[in-house]
Amino acid sequence: MPLPHPAAALPLRAALPSLLLLAGLFYANFVSRVILAPLLGLLEHEFGIGHASAGGLFLFVAGGMSLSMVCSGFVAGRLGHRRTVLLSTALLGTFLIGAGLSRSFFELRALLLATGLAGGLYFPSAVATITTLLEPRHWGRGLAIHEMAPNLAFVTVPLLATALAGVLPWRGVFLVFGGLALGLGALFQAFGRGGDARGTAPRAQALREVILHPAFAVLAALFSLAIAASFGPYSMLPLYLTTERGMAPETANTLLTASRLAGPFMALATGFVVDRIGARRTAALSLASSGLLTLLLGPLSGPWLAAAAVLQPTLAVCFFAAGLTAMSQAYDQRVRNVAVSLVVPLAILLGSGATPAFLGWFGDRGAFGTGFVVLGACILGGVPLLRLLRFSPREA
């Protein structure tokens with residue numbers, strides 16, 4: 001059965017300016033999730049906390065994001081997708097600035113929770129905007145352009161944070177990125193298109209339709225593993241390399257940046273791969289390769305460890321355009337934003353919230369490497385789950 005063709009759908013070229021503006025907002029949104037990674041050593045020193053407590057900061061961001069994402073349909077149903085995206089970005093920038101002004105560990109955690117609550121409103125409305133703005137045959141490429149943003153954040157945030165931390169206290173880094181979010185939001189308000197439709201609030205009927213769908217549990221598990229593959233090593237790799245492998249902090253952050261250099265290009269290329277070989281095969285290749293390399297971060301050392309650290313995230317990012325395409329194919333347009341607002345929060349909570357704390361627990365026991373081995377084995381275990389999903393007819 002052919003996919004529905006939204007009345008306002010545009011070809012890729014006509015929609016590109018709005019897609020790029022949305023990618024800019026996604027960059028600002030994703031900064032709130034990754035800004036902690038290059039600053040954890042400074043935070044541990046200032047507040048006198050261990051690896052598990054430092055990794056637990058990611059849980060506050062992810063917890064707030066997951067909660068608000070589940071409820072985002074109510075906001076999008078009242079304000080529409082465009083205004084929801086703008087509200088999310090404005091609040092996120094404000095709370096990042098607030099985190100930079102915090103004076104205690106308690107205040108920092110509270111403001112990181114608030115930042116997550118603000119950021120969680122963005123993603124379901126952004127995906128709904130993209131899939132209605134574009135013709136269905138260009139969904140893979142449109143979502144891949146959007147997915148360039150987090151990969152660009154992975155590359156630039158460590159460099160910018162390290163450079164800024166050389167002239168500013170760590171709080172100043174938060175202030176700069178909070179201001180960036182507010183500025184990008186103003187640009188989208190002035191020049192962005194799309195998102196005029198209202199979302200579907202997660203009422204009982206829509207929730208039942210999404211949760212009882214055979215794909216729901218599988219998609220939640222796969223997205224959790226994919227986010228864990230992409231975010232887990234990134235969040236704790238600097239601490240692992242400096243505390244257990246004796247690497248200088250500057251060298252560790254440089255390696256962290258190098259590990260993400262190819263990410264934006266891989267994210268863009270993935271859209272073409274999805275449209276060519278299908279979402280199932282693309283997702284399987286991503287999970288298998290990134291899971292194996294995550295596992296190898298534990299036993300390898302020297303140049304081999306550096307090579308695995310660089311290649312692992314490059315392959316992990318390939319899942320998301322495929323996964324979002326699979327979700328868009330599984331759910332009707334009426335409830336697609338509800339599906340995103342349920343599947344992705346669970347995945348963020350586990351993948352980017354619990355995973356750093358999980359790795360930090362091993363790190364406090366001097367066994368960071370074992371944590372990476374266990375995580376890699378779990379990611380590899382997600383490959384067989386892809387057989388449980390129904391894809392478009394040409395992939396059946």
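Values reported hereafter were calculated over all heavy atoms of this structure, with side chains retained and with hydrogens, waters and symmetry mates removed. None of the values given here were measured: they were computed from a predicted structure.
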Checking the side chain of S286 only, and the main-chain atoms of T282 only, is there a donor and an acceptor separated by less than 3.5 Å? no
Say whether, by atom type as modelled, one donor and one acceptor occur between the side chain of R82 and the main chain of Q189 under 3.5 angstrom. yes
Quick one: does Q312's side chain have a donor or acceptor within less than 3.5 Å of a partner on A229's backbone? yes
Starting at OG of S102, measure out to CG of L112 and round the result to the nearest 0.5 Å. 7.5 Å
If Ile, Leu, Val, Met, Phe, Trp and Tyr residues are connected whenever their side-chain heavy atoms lie under 4.5 Å apart, and connections chain through other members, are I97 and L25 in the same group? no
Locate the shortest heavy-atom distance separating L219 from G323; write the atom from each residue and the value. CD2-O, 4.5 Å
Looking at T242 and M247, would you say the former's side chain and the latter's main chain have a donor-acceptor pair under 3.5 Å? no
Give the ring-plane orientation class for Y122 versus F26, where under 30° counts as parallel, over 60° as perpendicular and anything between as tilted. parallel
With F223, the side chain to side chain contact (heavy atoms under 4.5 Å, CB included) member among I348, L350, L324: L324
Between V173 and the options L42, I35, L160, the side chain to side chain contact (heavy atoms under 4.5 Å, CB included) test singles out I35
If Ile, Leu, Val, Met, Phe, Trp and Tyr residues are connected whenever their side-chain heavy atoms lie under 4.5 Å apart, and connections chain through other members, are L182 and F30 in the same group? no
R171: partners by salt bridge (Lys or Arg N to Asp or Glu O under 4.0 Å), with sequence neighbours left out: E46
Parallel, tilted or perpendicular: which describes the rings of F372 and Y240, with under 30° parallel and over 60° perpendicular? tilted
Single-linkage hydrophobic cluster, 4.5 Å side-chain cutoff, M236 and L293 together: yes
Would a distance-only check, ignoring hydrogens and angles, find a side-chain to backbone donor-acceptor pair under 3.5 Å from S68 to L117? yes
Could you see if L101 belongs to whatever hydrophobic cluster contains W170? Use Ile, Leu, Val, Met, Phe, Trp, Tyr and a side-chain cutoff under 4.5 Å. no
Please answer whether the main-chain N or O of S352 pairs with a side-chain N or O of T355 as donor and acceptor at a distance below 3.5 Å. no
Main-chain N/O of Y331 paired with H213 side-chain donor or acceptor, under 3.5 Å: no
Do L59 and L108 share a hydrophobic cluster, counting only Ile, Leu, Val, Met, Phe, Trp and Tyr and linking them when any side-chain heavy atoms are less than 4.5 Å apart? no
